[in-house]
Undergrad: 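The following block contains the structure, expressed as structure tokens.
Since the structure is predicted, the reported quantities are computational estimates derived from the model, not experimental observations.
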Amino acid sequence: MMTKEQKQEKLDARYLRMALIWAENSYCERRKVGALVVKEKMIISDGYNGTPSGFENVCEDENNVTKPYVLHAEANAITKLARSSNNSDGATLYVTASPCIECAKLIIQAGIKRVVYGEKYRLEDGINLLKRAGIEVIYKNVNETA
């Protein structure tokens, strides 16, 4: 018999794998990131990094530098919720890369209570801000969830 924690761990691994698959939708060349917002075992939003709606699907300039207006996967998933009848109060965000500080602010304001991420980034200011806000932050190596 599986404990509640073991069941949650299995769910976390599955949703993170799904976010990894969702990242494949990104047109970005340098890095593809996917995000899912899950509430009560239901995916209520999704996102991947890319340009705003109506823009060309090119994330990098001619020097292979990411354009400043490219949206992160978390920002896309959270703003998509604003256009739906759902809300993210108490939800879990699954994201393939650790959130930056700007996305961390959005996560806090969206009422998300858990963040499961699959890839560490050299800057940890986003993760630190989430923890400071009392959000449960879990790192799960994406290569071990397959």
Undergrad: Are Ile138 and Leu93 connected into the same hydrophobic cluster when the rule is that any two of I, L, V, M, F, W, Y join if their side-chain heavy atoms are below 4.5 Å apart?
TA: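 Result: no, two separate clusters.
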Undergrad: Give the intermediate values and the outcome of side chain to side chain contact (heavy atoms under 4.5 Å, CB included) for residues Val37 and Leu81.
TA: CA-CA 9 Å; Val37 181; Leu81 273 169; 4.1 Å; yes
Undergrad: Val33 and Leu130: same hydrophobic cluster, using ILVMFWY side-chain contacts below 4.5 Å?
TA: yes
Undergrad: Could you pull out the closest heavy-atom pair between Gly47 and Ala77, with the gap in Å?
TA: N-CB, 3.8 Å
Undergrad: Please round to the nearest 0.5 Å and tell me the distance separating atom CG of Leu123 and atom CD1 of Ile127.
TA: 11.0 Å
Undergrad: Provide the full list of side chain to side chain donor-acceptor pair (under 3.5 Å) pairs with a residue in residues 91-105, sequence neighbours left out, each pair given once.
TA: Asp12-Tyr94, Thr92-Arg114, Glu102-Lys105
Undergrad: Report the C-alpha separation of Glu136 and Lys131 in whole Å, then their side-chain angles, then the decisive distance to 0.1 Å, and conclude whether the side chain to side chain contact (heavy atoms under 4.5 Å, CB included) test is met.
TA: CA-CA 7 Å; Glu136 184 184 356; Lys131 288 179 181 173; over 6 Å; no
Undergrad: Mind listing the side-chain donor-acceptor pairs of residues 64-74 below 3.5 Å, one per line with the distance, residues two or more places apart or on another chain?
TA:
unit_1	atom_1	unit_2	atom_2	d
Thr66	OG1	Arg30	NH1	2.9
Lys67	NZ	Glu56	OE2	2.9
Lys67	NZ	Val58	O	3.4
Tyr69	OH	Glu56	OE2	2.8

Undergrad: Under a 3.5 Å distance rule, please check whether Ser88 uses its side chain to pair with a backbone N or O of Ala110 as donor and acceptor.
TA: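 Yes; judged by distance alone, with no hydrogens or angles, the pair exists.
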Undergrad: Roughly how far, to the nearest 0.5 Å, is the CD atom of Gln109 from the CD1 atom of Ile107?
TA: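 Reported value, rounded in 0.5 Å steps: 11.5 Å.
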Undergrad: I need the Ile101 CD1 to Leu129 CG distance, nearest 0.5 Å.
TA: 5.0 Å
Undergrad: Hey, mind stepping through Trp22 and Leu20 against side chain to side chain contact (heavy atoms under 4.5 Å, CB included) and telling me if it holds?
TA: CA-CA 5 Å; Trp22 203 244; Leu20 207 53; over 6 Å; no
Undergrad: Could you grab the distance from atom OG1 of Thr51 to atom CG of Asn76, nearest 0.5 Å is fine?
TA: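 Here the interatomic distance stands at 9.0 Å.
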Undergrad: Is there a chain of hydrophobic side chains (I, L, V, M, F, W, Y, each step under 4.5 Å between heavy atoms) that links Val137 to Ile108?
TA: yes
Undergrad: Looking at every non-hydrogen atom in both residues, tell me the closest pair between Ala23 and Gly34 and how far apart they are.
TA: CB-N, 3.3 Å
Undergrad: Looking at every heavy atom in both Ala75 and Cys103, which two are closest together, and how far apart are they?
TA: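 In this case the closest contact between Ala75 and Cys103 is N-SG, 4.2 Å.
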Undergrad: Hey, what do you get for CG (Leu36) to OG (Ser45), rounding to the nearest 0.5 Å?
TA: 8.5 Å
Undergrad: Can you name the residues that form a ring pair (Phe, Tyr, Trp, His ring centres under 6.0 Å) with Tyr27, not counting sequence neighbours?
TA: none
Undergrad: Is Val95 linked to Ile44 within one hydrophobic cluster, defined over Ile, Leu, Val, Met, Phe, Trp and Tyr using a side-chain heavy-atom separation of less than 4.5 Å?
TA: yes
Undergrad: Apply side chain to side chain contact (heavy atoms under 4.5 Å, CB included) to the pair Ile78 and Ile112, showing each step before the final yes or no.
TA: CA-CA 10 Å; Ile78 291 167; Ile112 291 168; 4.1 Å; yes
Undergrad: To the nearest 0.5 Å, tell me how far Arg31 CZ sits from Glu60 CD.
TA: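 Arg31 CZ to Glu60 CD: 12.0 Å, rounded to 0.5 Å.
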Undergrad: Would you name the heavy atoms of Lys120 and Tyr117 that are closest together and state the gap between them?
TA: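 Lys120 and Tyr117 have their closest heavy atoms at CG-CE1, 4.1 Å.
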Undergrad: Looking at Cys28, is its backbone amide N or carbonyl O close enough to the side chain of Lys32 to form a donor-acceptor pair, meaning the two atoms are under 3.5 Å apart?
TA: yes
